[in-house]
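Quick caveat: nothing in here was measured; it's all calculated off a predicted structure.
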Amino acid sequence: MSEILRCVCVDDEPLALEVMQTLLAIHPEVKIEKTFGHGLEAMDYLKNNKVHVVFSDINMPGVSGIEFARSITDNGCVVVFTTAHQEYAAEAFEIEALDFLLKPISPGRLAKTIKRLSEYFDLRASVQKNNSELSEGSVFIKSDGKLLKVSFTDIWLVEAFADYVKIWTSDDKRIVTLQTMKNMEQGLPSDRFIRVHRSYIVAIDKIASVHSSGIKVGNKEIPVGKNYRDGLMEIVQRLNTIRR
């Protein structure tokens, strides 16, 4: 990555912050802008300062790391959790943290995280650069070392797949790319696509039916998360109004 990864570290334990500073100092591609002992302090800082990465503990007094991460979803940065508690892993990845590091953090494990961060921001930069040169009807997707131009009309489903996303197209092909669902959602026009589950984004015009347990897109049954159902029903009602 050509650009230095600017980061902040958040942890209520001063010793843990010292350890992170020591571990990150090994990596010249990373620069610690500031450290914080409380999530609220970090929130205030991020309102006026842009960073690439937030390394945050989870089990903190006042504002937990999970609550803190949810509060900065529009900042453009990614979150890497650093914690001694394995039981938070599922909740951490539900809010699309880029990684989850268990304390004590080994230099080797952190090196893998730094590599992953560099790959993620390189990908995001290349996609944003190419998308800026496109018409409004297409998007570039990096897959298998190539940038593929994909028309919005060909995309009918985006599915979370471990550390990647699968993009299903109208010719029944699947494109796999290293990207978060949040970043993918931001790259698709909201008047044509809707997120219906933490693991699924669907093309609105490809929805065949809506029922109590989910929706049908093509021949595939898709669950609808409780946090997304209201948004889906608003779309359905709006379409019904337009078609009358």
Visitor: Can you tell me how far the CD1 atom of Ile26 sits from the CD atom of Glu29, to the nearest 0.5 Å?
Guide: 10.5 Å

Visitor: Mind listing the closest non-hydrogen atom pair of Ser143 and Val176 along with its distance?
Guide: OG-O, 2.8 Å

Visitor: What is the minimum heavy-atom distance between Ile194 and Ile204, and which atoms define it?
Guide: CG2-CG1, 3.9 Å

Visitor: Counting heavy atoms not belonging to Tyr164, are there more than 12 under 6.0 Å from its OH?
Guide: no

Visitor: For Glu185, enumerate each residue passing the side chain to side chain donor-acceptor pair (under 3.5 Å) test, keeping only those at least two apart in sequence or located in another chain.
Guide: Arg195

Visitor: Just how far is it from atom CE of Met60 to atom CZ of Phe68, taken to the nearest 0.5 Å?
Guide: 7.0 Å

Visitor: Out of curiosity, Ser209 OG to Lys216 NZ, how far, rounded to the nearest 0.5 Å?
Guide: 6.0 Å

Visitor: With side chains defined as the heavy atoms from C-beta onward, is the minimum distance between Val30 and Ile4 less than 4.5 Å?
Guide: no

Visitor: Check for a donor-acceptor pair, side chain of Glu67 on one end and backbone N or O of Ser64 on the other, with a separation under 3.5 Å.
Guide: yes

Visitor: Using the test salt bridge (Lys or Arg N to Asp or Glu O under 4.0 Å), find all partners of Glu91 that sit at least two apart in sequence or belong to another chain.
Guide: Arg70

Visitor: Can you tell me how far apart OG1 (Thr177) and NZ (Lys166) are? Round to the nearest 0.5 Å.
Guide: 13.5 Å

Visitor: Is any side-chain heavy atom of Phe140 less than 4.5 Å from a side-chain heavy atom of Leu148?
Guide: no

Visitor: If a pair satisfies salt bridge (Lys or Arg N to Asp or Glu O under 4.0 Å) and one of its residues is in residues 105-115, list it, with sequence neighbours excluded.
Guide: Asp99-Arg109

Visitor: Using the test side chain to side chain donor-acceptor pair (under 3.5 Å), find all partners of Ser199 that sit at least two apart in sequence or belong to another chain.
Guide: none

Visitor: Please examine the side chains of Val202 and Ile207, heavy atoms only from C-beta on, and report whether any two atoms are closer than 4.5 Å.
Guide: yes

Visitor: According to ring-ring contact (aromatic ring centres under 6.0 Å, His included), who are the partners of His27, at least two apart in sequence or on a separate chain?
Guide: none

Visitor: Any chain of hydrophobic side-chain contacts (each under 4.5 Å) joining Tyr228 to Ile235?
Guide: no

Visitor: Check whether any side-chain heavy atom of Val80 lies under 4.5 Å from a side-chain heavy atom of Leu117, and answer yes or no.
Guide: yes

Visitor: Any donor and acceptor pair, going by atom type alone, linking the side chain of Thr82 with main-chain N or O of Leu101 inside 3.5 Å?
Guide: no

Visitor: So Ser170 and Asp154, side-chain hydrogen bond (donor to acceptor under 3.5 Å, both in side chains) or not? Walk me through it.
Guide: CA-CA 5 Å; Ser170 55; Asp154 287 337; 3.2 Å; yes

Visitor: Do Val165 and Val139 belong together in a cluster built from hydrophobic side chains that touch within less than 4.5 Å?
Guide: yes

Visitor: Should Leu98 and Tyr120 count as side-chain neighbours, where that means a heavy-atom distance under 4.5 Å?
Guide: yes

Visitor: Please output the side-chain donor-acceptor pairs of residues 36-50 that fall under 3.5 Å, not counting sequence neighbours, one pair per line with the distance.
Guide:
residue : atom : partner : partner atom : Å
His38   : ND1  : Leu40   : N            : 3.0
Asn49   : ND2  : Tyr45   : O            : 2.8
Lys50   : NZ   : Asn75   : O            : 3.1

Visitor: The criterion is salt bridge (Lys or Arg N to Asp or Glu O under 4.0 Å); which residues satisfy it with Arg6, sequence neighbours excluded?
Guide: Glu3

Visitor: Does Met184 form a side chain to side chain contact (heavy atoms under 4.5 Å, CB included) with Ile167? I'd like the steps, not just the answer.
Guide: CA-CA 10 Å; Met184 190 71 206; Ile167 300 163; 3.7 Å; yes

Visitor: Can you tell me if CG on Asp191 sees more than 12 non-hydrogen neighbours from other groups inside 6.0 Å?
Guide: yes

Visitor: Heavy atoms only: give me the nearest Ile155-Ala203 pair and the separation to one decimal.
Guide: O-CB, 3.4 Å

Visitor: Could you tell me which residues satisfy salt bridge (Lys or Arg N to Asp or Glu O under 4.0 Å) with Lys103, sequence neighbours excluded, listed by chain and number?
Guide: Asp11, Asp57

Visitor: Check the pair Gln186, Asn183 against side chain to side chain contact (heavy atoms under 4.5 Å, CB included), reporting the backbone distance first and the verdict last.
Guide: CA-CA 5 Å; Gln186 291 172 345; Asn183 198 49; 3.9 Å; yes

Visitor: Measure from NZ or CZ of Lys220 to the centre of the six-membered ring of Trp168 and say whether it is under 6.0 Å with the direction within 45° of the ring axis.
Guide: yes

Visitor: Are Phe152 and Met181 connected into the same hydrophobic cluster when the rule is that any two of I, L, V, M, F, W, Y join if their side-chain heavy atoms are below 4.5 Å apart?
Guide: yes

Visitor: With His85, which residues qualify under ring-ring contact (aromatic ring centres under 6.0 Å, His included), at least two apart?
Guide: Tyr88

Visitor: Any chance you could measure Ile32, atom CD1, to Leu24, atom CG, to the nearest 0.5 Å?
Guide: 4.5 Å

Visitor: Given Phe100 and Ile58, is the side chain to side chain contact (heavy atoms under 4.5 Å, CB included) satisfied, shown in steps?
Guide: CA-CA 10 Å; Phe100 185 90; Ile58 293 181; 3.8 Å; yes

Visitor: Can you name the side chain to side chain donor-acceptor pair (under 3.5 Å) partners of Trp156, sequence neighbours left out?
Guide: none

Visitor: Report the distance from atom CZ of Phe193 to atom NZ of Lys206, rounding to the nearest 0.5 Å.
Guide: 7.0 Å

Visitor: Might you point out which heavy atoms bring Gly65 and Ser56 nearest each other, and give the distance in Å?
Guide: CA-OG, 4.0 Å

Visitor: Any heavy-atom pair between the side chains of Cys7 and Phe55 that's under 4.5 Å?
Guide: yes

Visitor: Does His211 form a side-chain hydrogen bond (donor to acceptor under 3.5 Å, both in side chains) with Glu221? I'd like the steps, not just the answer.
Guide: CA-CA 10 Å; His211 46 85; Glu221 294 288 340; 2.8 Å; yes

Visitor: Less than 4.5 Å apart, side chain to side chain, heavy atoms only: is that true for Lys31 and Leu5?
Guide: no

Visitor: Indicate the atoms forming the closest heavy-atom contact of Tyr200 with Pro223, along with that distance.
Guide: CE1-CD, 3.7 Å

Visitor: Before you tell me yes or no, could you show the steps for Lys182 and Val78 under side chain to side chain contact (heavy atoms under 4.5 Å, CB included), namely the whole-Å CA-CA distance, both residues' side-chain angles and the distance that decides it to 0.1 Å?
Guide: CA-CA 10 Å; Lys182 182 173 73 173; Val78 298; 6.0 Å; no

Visitor: Looking only at the side chains, is there a donor atom on one of His52 and Glu33 sitting less than 3.5 Å from an acceptor on the other?
Guide: no

Visitor: Tell me every residue that passes salt bridge (Lys or Arg N to Asp or Glu O under 4.0 Å) with Asp12, counting only those two or more places apart in sequence or in another chain.
Guide: none

Visitor: What residues, two or more places apart in sequence or in another chain, satisfy side chain to side chain donor-acceptor pair (under 3.5 Å) together with Ser106?
Guide: none

Visitor: Heavy-atom distance under 4.5 Å between the side chains of Leu157 and Ile201, does that happen here?
Guide: no

Visitor: Any idea which heavy atoms bring Ile215 and Leu232 closest together, and the distance?
Guide: CG2-CD2, 3.6 Å

